[in-house]
Amino acid sequence: MKIYNTLSGQKEEFVPLNPNVVKMYVCGPTVYNLIHVGNARPAVVFDAFRRYLEYRGYSVIYVQNFTDVDDKIIKVANIEGVDPKVIGDRYVAGYFKDACELGIQPATCHPRTTNFIEQIKEFILELEKKHFAYQRGSDVYFDVSAFPSYGTLSHRNPSDMRSGARVEINENKDDPLDFVLWKGSKAGEPKWKSPWGDGRPGWHIECSSMSKTLLGDAFDIHAGGNDLIFPHHEDERAQTEALTSKKWVNYWMHNGMISVKDEKMSKSIGNIFTVREALKIYGKNAIRMYLLSKHYRSPIEFSSDRMEEAKTAYSRIARVMEEIEKKVGKDFRITEDEFVKDQKAKMIEVLDDDFNTPQALSIIFDLVKDVISTGNLERMKSVKVLVDEWNYFLGFDFEPDRKNVDDFIELELKLRNDARMRKDYAQSDEIRKKLEELGIEIMDLPEGTRWRWK
RNA sequence: GGCGACGUAGCCAAGAGGCCAAAGGCGAGGGUCUGCAAAAUCCUUAUUCAUGGGUUCAAAUCCCAUCGUCGCCUCCA
């Protein structure tokens with residue numbers, strides 16, 4: 001299997017540290033808001049990739065964090081006049097709801113910054129001991145000049161960045177590139193006691209500390225949006241490798257950004273579309289089709305046309321799956337013949353090449369087309385088995401969409417009540433009997449007719 | 001200003017030296033089916049890969065230049 005590694009800038013053969021187990025860390029959301037479609041991309045794509053690794057026989061330990069100590073959370077908390085913890089808890093819950101509806105499987109671990117304060121402090125103390133950190137007031141900074149390979153991940157060199165006009169000058173720092181490990185607290189901010197005074201962790205330190213605690217000093221894959229490469233991941237890498245003197249992460253995977261009208265979708269720009277809205281309007285399957293039909297590293301445009309297109313494309317597969325089930329049922333076995341073996345090999349070949357999901361989907365569309373035009377029942381069975389198997393990592397629902405079933409039953413009840421009004425009881429009983437066979441129970445109550453699933 | 005990515009049919013999107021006169025999806029046009037409508041299905045839809053040079057027996061794929069778009073350099077997935 002080959003993975004594009006941001007660190008080397010090329011595709012590399014994937015060799016996990018342990019031949020059977022893959023350890024993977026994905027940067028999760030800062031919980032101050034409902035997640036938007038841009039946030040959903042890494043969540044969906046890397047979850048699908050993780051499941052593909054499982055499909056390929058690896059056990060995967062998958063960690064995705066929540067950043068629940070942050071300026072933006074504090075700001076929202078202050079506006080609402082509540083404790084930041086309330087905000088964090090609310091949006092952690094919000095994330096789980098959305099992720100679940102998107103068909104994202106829970107990670108092995110979902111650590112939160114607030115549960116790692118002790119480990120973070122120890123981490124910083126160690127850095128101080130090794131002279132990679134210095135204190136200014138009650139702030140602690142990482143000394144970039146002490147870490148010679150700073151810039152390797154993001155392919156920049158420190159002197160270029162220093163001369164760049166956009167690096168903010170902070171009189172506290174020895175070097176504009178130095179970044180904060182621990183922030184002294186200001187009034188109205190959450191704080192924890194520390195050797196440097198009351199304060200809270202800086203942004204980058206949490207991922208280092210959590211991953212070190214949960215996955216060890218070295219692990220296989222670190223993933224996230226490509227807007228995190230610099231400074232977030234560069235800084236994480238610097239502090240962690242400074243501490244351990246070991247290679248921290250072997251493969252860095254970064255997804256491309258989602259844009260709206262040629263501009264990045266981002267909370268600060270304000271052009272966001274929440275996952276919750278998108279789920280309501282387009283549904284889980286359309287969103288997954290949209291995200292998987294372009295390679296994860298490429299930028300992708302969000303628009304309602306794109307979403308409608310994805311929805312139509314998805315239903316093409318779903319309809320055929322439904323049709324196959326009608327023709328050959330659910331209970332059958334197939335023998336793994338040449339055809340099935342070839343298709344599986346083809347699927348693995350394209351996905352082993354840096355998780356090329358657009359190609360994977362085209363294999364499925366080809367099969368679907370083939371099955372329709374030949375009408376061969378054995379072939380249908382094979383295709384159904386294959387697609388169901390691959391769906392382990394694609395994560396679509398091929399069950400028929402039953403969201404309008406309520407309206408449909410209401411319509412039946414209306415027809416039945418019209419018959420009752422006409423005293424056509426043969427007709428009304430017929431309808432009740434049919435509904436009952438479908439598992440729907442009818443009760444004629446004084447206030448009207450109600451129904452429920454038996 | 002620095003660093004990086006990208007530019008393939010009406011639109012979306014694979015392909016990364018010969019299997020490409022370029023997958024797949026959406027859309028569009030035509031046929032079949034049909035009381036009407038819809039659905040479904042079949043067929044058609046890029047001699048060409050931003051532009052201009054170059055390397056090579058061979059380039060959408062490699063190199064150089066130009067134009068254009070986007071991302072990062074500040075919070076960001």
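Each chain gets a letter, A, B and so on, in the order the sequences are listed, and its residues count up from 1. As a basis for the values below, the full set of heavy atoms in this structure was taken, side chains included, without hydrogen atoms, waters or symmetry mates.
- Neither OP1 nor OP2 of rG4(B) sits under 4.0 Å from any side-chain N or O of Arg156(A).
- Contact annotation: Asn226(A) does not reach the phosphate of rG4(B) (side-chain N/O to OP1 or OP2, under 4.0 Å).
- Under the Watson-Crick or G-U wobble criterion, with both distances below 3.5 Å, rA28(B) is paired with rU44(B).
- In this structure, the CD atom of Glu301(A) is 23 Å from the P atom of rG25(B), given to the nearest Å.
- For Arg319(A) and rA40(B), the shortest distance from a side-chain N or O to OP1 or OP2 is below 4.0 Å.
- The aromatic ring centres of Phe96(A) and Phe66(A) sit less than 6.0 Å apart.
- Nearest nucleotide to the Pro358(A) side chain, out of rA77(B), rA13(B), rU41(B): rA13(B).
- The CG atom of Asn271(A) sits 13 Å away from the P atom of rA77(B) (whole-angstrom rounding).
- In this structure, of rC12(B), rA14(B), rC43(B), it is rC12(B) that holds the atom nearest to the side chain of Arg306(A).
- The residue Asn356(A) sits close only to the backbone: its heavy atoms come under 4.0 Å of sugar-phosphate atoms, none of a base.
- Phosphate contact (OP1/OP2 of rC26(B), side-chain N/O of Lys311(A), threshold under 4.0 Å): absent.
- The base-pairing partner of rA5(B), taking Watson-Crick or G-U wobble contacts with both distances under 3.5 Å, is rU69(B).
- The closest side-chain donor-acceptor pair between Arg237(A) and Ser149(A) falls under 3.5 angstrom.
- If you check every strand for non-hydrogen atoms under 4.0 Å, Leu361(A) touches nothing.
- Within 4.0 Å of Ser373(A), counting heavy atoms only, lie sugar-phosphate atoms of the nucleic acid but no base atom.
- With both ends at atom C1', the span from rA46(B) to rA13(B) equals 14 Å, rounded to whole Å.
- Rounded to the nearest Å, the gap between the P atom of rG68(B) and that of rU41(B) is 45 Å.
- Rounded to whole Å, the separation between the P atoms of rA39(B) and rA50(B) comes to 36 Å.
- Base engagement by Met265(A) is indicated by at least one non-hydrogen atom pair under 4.0 Å involving a base atom.
- Nearest to the side-chain atoms of Ile258(A) among the listed nucleotides rC12(B), rA77(B), rC73(B) stands rA77(B).
- Nearer to the 5' terminus of RNA chain B, by closest-nucleotide assignment, is the contact made by Phe230(A) (compared with the other of Ser266(A) and Phe230(A)).
- Judged by distance alone, the side chains of Ser159(A) and Asn157(A) do bring a donor and an acceptor atom under 3.5 Å apart.
- On the C1' atoms, rC33(B) is 36 Å away from rU47(B), given to the nearest whole Å.
- Using a 3.5 Å distance cut-off with no hydrogens or angles, the side chains of Tyr134(A) and Asp178(A) do pair a donor with an acceptor.
- As rounded to whole Å, 15 Å separates atom P of rG24(B) from atom CE of Met347(A).
- Remark: rA22(B) base-pairs with no nucleotide; criterion is Watson-Crick or G-U wobble with both hydrogen-bond distances under 3.5 Å.
- Nearest nucleotide to the Ile372(A) side chain, out of rC75(B), rA14(B), rU41(B): rU41(B).
- Set against rA13(B), rC26(B), rA77(B), the side chain of Lys294(A) has rA13(B) as its closest nucleotide.
- Residue Gly38(A) is in base contact, counting any heavy-atom pair closer than 4.0 Å across all strands shown.
- Between Lys72(A) and Asp70(A) there is a salt bridge, since a side-chain N of the basic residue sits under 4.0 Å from a carboxylate O of the acidic one.
- Distances were taken from every side-chain heavy atom of Asp262(A) (C-beta onward) to each of rC12(B), rG24(B), rU69(B); the shortest belongs to rU69(B).
- Side chains of Gln239(A) and Ser208(A): a donor on one and an acceptor on the other come within 3.5 Å.
- Comparing the C1' positions of rU66(B) and rU56(B) gives an interatomic distance of 23 Å, to the nearest angstrom.
- Rounded to whole Å, the distance from CZ on Arg316(A) to P on rC26(B) is 5 Å.
- Of all nucleotides listed (rA14(B), rC26(B), rG71(B)), rC26(B) comes nearest to the side chain of Thr312(A).
- Each of rG25(B), rC12(B), rG15(B) was ranked by its minimum atom distance to the side chain of Phe365(A); first place goes to rG25(B).
- Residue Gly9(A) is out of contact with every strand shown, counting any heavy-atom pair closer than 4.0 Å.
- Checking Lys267(A) against Tyr4(A), the closest nucleotide of RNA chain B that is more toward the 5' end is the one next to Tyr4(A).
- Taking atom P on both rG27(B) and rC11(B), the two are 16 Å apart, rounded to the nearest angstrom.
- As a whole-Å value, the separation of His295(A) NE2 from rA5(B) P is 14 Å.
- Residue-level contact check: His36(A) touches the bases, meaning some heavy atom is under 4.0 Å from a base atom.
- Residue-level contact check: Asp71(A) touches neither bases nor backbone, having no heavy atom under 4.0 Å from any strand.
- Within the nucleic acid shown, Glu263(A) comes within 4.0 Å of sugar-phosphate atoms alone, with no base atom in reach, counting heavy atoms only.
- For Tyr141(A) and Trp182(A), the ring centers are positioned 6.0 Å apart or more.
- Whole-Å rounding puts the Tyr296(A) OH to rA14(B) C1' distance at 15 Å.
- Asp68(A) and Tyr91(A) share no side-chain donor-acceptor pair at under 3.5 Å.
- Taking atom CG of Leu292(A) as the reference point, atom C1' of rG25(B) lies 14 Å away to the nearest angstrom.
- For the OP1/OP2 pair of rC72(B) and a distance below 4.0 Å, the side-chain nitrogens and oxygens of Lys264(A) include at least one atom meeting the criterion.
- For the residue pair Tyr314(A) and Asp397(A), no side-chain donor N or O sits within less than 3.5 Å of a side-chain acceptor on the partner.
- Atom CZ of Phe273(A) is separated from atom P of rA77(B) by 18 Å (rounded to the nearest Å).
- To the nearest whole angstrom, the two P atoms, one in rG54(B) and one in rC70(B), are 32 Å apart.
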